[in-house]
Amino acid sequence: MRRIAISVASSTLILSVAGCGVLDATGDGASASPTKGDDVVVGLLLPEKANSRYDKFDYPIIKNKVAELTRKHGKVEYANADASATRQADQLQQMIDSKVDVILLDAVDSHAVADGVKKAKDAGIPVIAYDRLAEGPIDAYISFDNELVGEVQARTLLGALGSGVDTSDKIVMVNGSPTDPNAKQFKQGALSELTGKVTIADSFDTPGWKPENAESEMAGAIAKIGKNNIAAVYAANDGMAGGVIKALKNAGVTDLPPITGQDAELDAVQRVVAGEQYMSVYKSYPDEAEAAAQMAVTKVQGKDIQFDALTQDKVDSPTAKDIPSKLVQVSALTQDNIKDTVVADGIYSVGDICTAKYKAACSAIGLK
Ligand code: GAL
C-alpha cells in the first residue's frame, strides 16, 4: 500500500501560490468540477470518543480551517460514532439527507461503511477518507504513514531493550481494532521490525481499541507467560497502553517493562515523563486535519489544481486503485523530545504536562 514518496515541498509551493489568490473559486480550467462559493458545508464523521484526539484536536482544527478557508461562511457538521459502525451508518445517511457538500469520513468499520460511501457518491456528494482508508468509491484519502507508525513503535521498543536483545525475549502485542485498516498496517510495520529479533509470545487484536479490552488481554498474557517473563509490550495506542499498565500493576509488577503507545495523549505523555510508558508516537494533528479541510473545500469549490497538489500520493484500498492521497510523517515521542514535538507544536504546554504530580519527574528529565 505504501509505494509513494511524499513531495511536501512541491505541494506547499503550489498551495502558497493558490493561497495568494492566483487561482479563484471559478475553477482552474476545462476540467474543473462544478463550483461553489464559500458557503460550503463539510460533513465530518469521526469514529470514537475513547481516544481524546477526535474531539480535542481533529474536529476543532478542521472546523477552524474550514472557517478560515471560506472567510467564515463555510461550516462543519460533526458526528462522532462512539465506536459503533451502525451508528456511523445512520450518521452518514443523515448527512446525505441533509445534503452536505462533501464528507470527511473516519470509518469505525472500513469495510461495512462501503455501502454508505456509494450512497453518498450516488447523491453527488464527494467522500474523502480521513485517517482510516474506507472502502467504496472514495474520492481521496488523507492519513499518516501508518506502516511507518508501526515501524517507529517497534524500533523504539527494540532500542529500549538495548544491545542485549535476544530472540528468546518475550514480547506481547496488543494491536488495534480488527475493523480499522490502520491497525493492520501498524501491526505489519511493527512485525517487519520485530520478526526474527524477539519472540512474540502473545498477540491480540483489540475490539474497538478499548483500554478495558486491552487490560483483560494483558491479564491473560500475564497468566500465560508469567509476570516476570515479559521483556516488553507493544501496545498500538496510548489508551491501550494505559490498560496494559493497569494489568501489569494489578499483577504486582513494580518494575514495568518498556511499553509503546501512539497518539501522544496527555496522560500518556505524563506516563512517559514518569517512566511508566517508554514511548508514544506523535502524529501532528494540525498537519493531517488542516490538509483534510483544504482537500474538502478545494474539492467542493472545483479548485482541481490545488486538490491535485494536495493529493500527490497514491494508495490502493481493497475496492479502489490509485486513490489520490496525502500521507503525513510521524515521529517517536520519548522523554528526550517532548519539548520538540508536542510542546513545539502547541499541542500541550509544559504546564499542562508538568502538573504537581509530575513536577519532580519533569525536572529530572529537564522539562521546564
Ligand atoms: C487509529 C488512528 C489512531 C488512533 C486509533 C485509536 O485509526 O490512526 O490515531 O486514534 O485509531 O482510536
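First listed ligand is number 1; within each ligand, the first listed atom is number 1.
- One finds a salt bridge joining Asp106 and Arg132 here, because a Lys/Arg side-chain nitrogen approaches an Asp/Glu carboxylate oxygen to under 4.0 Å.
- The pair Asp322-Lys314 does not meet the salt-bridge criterion, since no charged nitrogen lies less than 4.0 angstrom from a carboxylate oxygen.
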Name each N or O atom in ligand 1 that is under 3.5 Å from a protein N or O, and give the partner atom and the distance.
| from | atom 1 | to | atom 2 | distance (Å) |
| --- | --- | --- | --- | --- |
| ligand 1 | 7 (O) | Arg132 | NE | 2.7 |
| ligand 1 | 7 (O) | Arg132 | NH2 | 3.4 |
| ligand 1 | 7 (O) | Asp180 | OD2 | 2.6 |
| ligand 1 | 7 (O) | Asn182 | ND2 | 3.1 |
| ligand 1 | 8 (O) | Asp131 | OD2 | 2.6 |
| ligand 1 | 8 (O) | Asn182 | ND2 | 3.1 |
| ligand 1 | 8 (O) | Lys283 | NZ | 3.0 |
| ligand 1 | 9 (O) | Arg53 | NH1 | 2.7 |
| ligand 1 | 9 (O) | Asp263 | OD1 | 2.6 |
| ligand 1 | 9 (O) | Lys283 | NZ | 2.8 |
| ligand 1 | 10 (O) | Asn51 | ND2 | 3.1 |
| ligand 1 | 10 (O) | Tyr54 | OH | 2.8 |
| ligand 1 | 10 (O) | Asp263 | OD2 | 3.4 |
| ligand 1 | 11 (O) | Tyr54 | OH | 3.4 |
| ligand 1 | 11 (O) | Arg132 | NH2 | 2.9 |
| ligand 1 | 11 (O) | Asp180 | OD2 | 3.4 |
| ligand 1 | 12 (O) | Glu48 | OE2 | 2.5 |
| ligand 1 | 12 (O) | Tyr54 | OH | 3.2 |
| ligand 1 | 12 (O) | Arg132 | NH2 | 3.4 |

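- Looking only at atom types and distance, the side chain of Ser84 has no donor-acceptor partner in the side chain of Asp82 under 3.5 Å away.
- Using modelled atom types, one finds no donor on one side chain facing an acceptor on the other under 3.5 Å when comparing Asn237 with Glu265.
- Between Asp115 and Lys119 there is no salt bridge, since none of the side-chain N atoms of the basic residue sits less than 4.0 Å from a carboxylate O of the acidic one.
- A salt bridge does not link Asp169 with Lys197: every distance from a Lys NZ or Arg NE/NH1/NH2 to an Asp or Glu carboxylate oxygen is 4.0 Å or more.
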